[in-house]
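These notes concern the structure reproduced below.
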Amino acid sequence: MKKDLEVFKDIRLKANSGLYKYRTKKQIDSLYIWAENEIDKASIYRDFYNIICKLTDFEGSLHNSTSLPSKFRKSLREESYGYFPYPIKWIEGKWRINFDKGNIPLGAEIISINNEKIYDIITNLYKYYTTDGVNTTGKRIGIDISFSKYYRFNYGLKDEFIIEYKTIHSNEIKKTSLSSVAYKDFYKNVNKRYSKPFDYVNHKDWKENETYTYEMANKHTGILTVNDFGLGNEENPKHLKYVSFLDSVFTSLKHHNIKNLIVDVRYNGGGDDPNDLVTYSYLTQRNFQENKRAWISFEKIPLLRYIDFWLPKFLRPLFVGSYNKDFKEEFPLEKNGKFCQDENSADHFVRIPNKNAFTGNIYLLISPRVASAGSLFAAMVNGNKNTTSIGEETMGGYYGHNGHTPLAYKLPKSKIVVYFSVVNLEQDVPKKSNQYYNRGIIPDIEVSQSLADFLIHEDTQLNYVLKLIENKDK
């Protein structure tokens, strides 16, 4: 464990440009001292995994992740007991049962599990789901689907769970015991979660024609929904089809003199350039760049002996050579140990608004699921003077993030694989008093789904926006 901790720290210092993005050197050093002390007390493999997760999460990048070896993951999937049986969901500031076929009523508020307060449990599980800066709304989204797995990682396998809860109709605290279930059975229940008709958590949940849509709410208001920017680069047929779709939509908006446009990106977790930028070109009246500033912390990929290669050995030198060449072209300027973009870098050139760009009122719907290219896009739209943002804080940052190029390293002893994106970038957005450097995008109007709407699968946020527009148009 001590050997792997040394390797892990060396990787972060030499390859991770985001190490000090949200934390000072003193804070990072202090956490490594904590980690060294924890290793002295650790006794099992899971202890070390949890230490690495804590270190990874503390940096504050949604593109950070920590993966167990495939052999270990396979053994988890085969575990026949030990897992909390039901998915849960954060609703109106409380953790509630998100399952209507179990022994605890749907919507019941969880008070404690095995004599530990639910809020303390959730705080202990934050380390497994990384977000930008100190954001926690995004962590809740990650935990609600994977709660039982994360609970097992932190607390181990349990035969039973003693639950204290309140039903939605009573303030009385009730107590019950639940038998644990197998890993596979928990995920069967996740697939049957009550909120699933309202959730778009995985791409596989979407039909092809739901990735992006446009519809008229009324004669003055349109709704553009973009659930994913994973549509390929400039030459990809999916990208070209999307560009044609955008051109058709915004030509129609201009022709019919539509006053209000709702832009819904609540389920957009990112994707490929330039889909986010092309979309923004239809929603702005200013010239813009993808990045104001971007840099990496190395000239050539460091510590190659720990890179987690997925290619056969004869192709690995080509992979490394290609990456290093791209890095040199994109980040040619060295400044104080940082390798930065210049005016010739591909992601740094100035883009202009589309000739059919929308000039009316924009209402941007955001949620904790918005991340990566989705949050870059949402941040730029949110920065427009004609935009009102509604919803919940995103997991992706407003002012910047670490993104673009991912690297994966395997720790030599534990075989744990750590992932992170190496480009530290500053987004082309204006400073706003309600936006914070170490948080997600803060909506102008905070609206979350109510318990009453959860029970009937109603879209609280969209309904709020439509009512807001109706009142303004009177």
Side-chain angles (χ1 to χ4, degrees), residues 8 11-23 28 52-68 126-139 141-143 146 201-203 228-230 265 267-273 275-277 290-291 293-298 301-303 306-308 310 323 326-327 330-331 338-339 341 347 367-379 393-411 416-427 437-441:
F8 178 83
I11 290 168
R12 307 318 262 204
L13 288 170
K14 293 178 179 177
N16 185 7
S17 65
L19 184 61
Y20 303 120
K21 190 175 185 73
Y22 301 110
R23 307 292 187 180
I28 293 292
I52 295 299
C53 285
K54 184 77 173 179
L55 291 168
T56 301
D57 176 56
F58 189 68
E59 294 170 3
S61 173
L62 64 84
H63 289 108
N64 284 1
S65 66
T66 306
S67 179
L68 290 162
Y126 276 168
K127 59 181 171 283
Y128 300 116
Y129 199 88
T130 59
T131 56
D132 281 349
V134 296
N135 167 266
T136 57
T137 60
K139 291 179 180 294
I141 291 294
I143 287 172
S146 299
V201 178
N202 301 306
H203 291 197
D228 185 24
F229 285 130
V265 292
Y267 303 103
N268 196 316
D272 309 311
D273 289 337
N275 300 294
D276 49 351
L277 304 174
E290 178 171 11
N291 308 318
R293 179 172 177 262
W295 59 276
I296 59 176
S297 57
F298 53 84
I301 299 174
L303 301 168
Y306 302 123
I307 285 284
D308 185 39
W310 61 92
Y323 262 52
D326 290 344
F327 283 137
E330 187 66 21
F331 306 98
K338 299 175 180 177
F339 297 86
Q341 288 182 338
D347 293 334
S367 81
R369 291 187 177 90
V370 179
S372 192
S375 57
L376 184 149
F377 167 79
E393 180 185 348
T394 67
M395 78 168 77
Y398 175 79
Y399 289 105
H401 65 278
N402 256 60
H404 291 307
T405 307
L407 289 182
Y409 287 87
K410 182 182 290 185
L411 303 182
I416 289 172
V417 179
V418 293
Y419 303 83
F420 53 93
S421 289
V422 299
V423 182
N424 190 325
L425 60 94
E426 179 184 344
Q427 292 166 184
Y437 177 72
N438 62 349
R439 295 274 299 276
I441 303 164

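Throughout, residue positions are numbered sequentially from 1 according to the sequence presented.
- Not counting sequence neighbours, Y409 has no partner by the side-chain hydrogen bond (donor to acceptor under 3.5 Å, both in side chains) test.
- Checked against side-chain hydrogen bond (donor to acceptor under 3.5 Å, both in side chains), R23 has no partners two or more places apart in sequence or in another chain.
- The nearest pair of heavy atoms linking Q427 to G397 is NE2-O, 3.5 Å.
- Atoms CZ and CD1, on F8 and I52 in that order, are 5.0 Å from each other to the nearest 0.5 Å.
- Distance alone, capped at 3.5 Å, is enough to place a donor-acceptor pair between the D132 side chain and the L62 backbone.
- Considering only heavy atoms from C-beta on, I11 comes within 4.5 Å of L411 through its side chain.
- Not a single donor-acceptor pair under 3.5 Å links the side chain of N438 to the backbone N or O of V134.
- F339 pairs by the ring pair (Phe, Tyr, Trp, His ring centres under 6.0 Å) definition with nothing, not counting sequence neighbours.
- For the residue pair A378 and V265, the shortest heavy atom distance occurs at CB-CG2, 4.3 Å.
- Distance alone, capped at 3.5 Å, places no donor-acceptor pair between the N291 side chain and the R293 backbone.
- Looking at Q341 and L425, their side chains never come closer than 4.5 Å, going by heavy atoms from C-beta outward.
- Between T394 and N135, the shortest heavy-atom contact is O-ND2, 3.1 Å.
- To the nearest 0.5 Å, atom CG of residue L407 and atom CD1 of residue I307 are 5.0 Å apart.
- Legend: residues meeting salt bridge (Lys or Arg N to Asp or Glu O under 4.0 Å) with D308, ordered by chain and number and at least two apart, are K410.
- In summary, the side chains of T56 and T66 do present a donor paired with an acceptor at a separation below 3.5 Å, with no hydrogens or angles considered.
- Contact check for N275 versus D228: no side-chain heavy atoms found under the 4.5 Å cut-off.
- To the nearest 0.5 angstrom, S146 atom OG is 8.0 Å from Y129 atom OH.
- Interatomic distance, D272 CG to L277 CG, rounded to the nearest 0.5 Å: 11.5 Å.
- The backbone N or O of S372 lies less than 3.5 Å from a partner atom in the side chain of S375, making a donor-acceptor pair.
- The ring pair (Phe, Tyr, Trp, His ring centres under 6.0 Å) test applied to F331 returns no partner, not counting sequence neighbours.
- The salt bridge (Lys or Arg N to Asp or Glu O under 4.0 Å) pairs that include a residue from residues 398-408 number zero, where partners must be two or more places apart or lie in different chains.
- For Y437, the ring pair (Phe, Tyr, Trp, His ring centres under 6.0 Å) partners at least two apart in sequence or on another chain are Y22.
- Looking at N268 and F377, their side chains never come closer than 4.5 Å, going by heavy atoms from C-beta outward.
- When all heavy atoms of G271 and A373 are compared, the closest pair comes out as N-CB, 3.8 Å.
- Contact detail for R12 and L19: the closest heavy-atom pair is O-CD2, 3.9 Å.
- Here N64 contributes atom CG and E59 contributes atom CD; the two are 5.0 Å apart, rounded to the nearest 0.5 Å.
- In this structure, E330 CD and H404 NE2 are separated by 8.0 Å, a value rounded to the nearest 0.5 Å.
- When the ring pair (Phe, Tyr, Trp, His ring centres under 6.0 Å) test is applied to F298, the partners found at least two apart in sequence or on another chain are F327.
- Between the side chain of T131 and the backbone N or O of M395 there is no donor-acceptor pair closer than 3.5 Å.
- The side-chain contact (heavy atoms from CB on, under 4.5 Å) test applied to S367 returns R266, R369, V370, not counting sequence neighbours.
- For T137 (side chain) and E393 (main-chain N/O), a donor-acceptor pair under 3.5 Å exists by modelled atom type.
- Listed by chain and residue number, nothing satisfies the side-chain hydrogen bond (donor to acceptor under 3.5 Å, both in side chains) test with K338 (two or more places apart in sequence, or in another chain).
- Under the 3.5 Å distance criterion, the side-chain polar atoms of S421 are left unmatched by any main-chain donor or acceptor of H63.
- Across every non-hydrogen atom of S17 and W295, the tightest pair is O-CH2, 3.3 Å.
- Every residue two or more places apart in sequence or in another chain was checked for a side-chain hydrogen bond (donor to acceptor under 3.5 Å, both in side chains) with D276, and none qualifies.
- Applying the salt bridge (Lys or Arg N to Asp or Glu O under 4.0 Å) rule to D57 yields the partners K139; only residues at least two apart in sequence or on another chain are considered.
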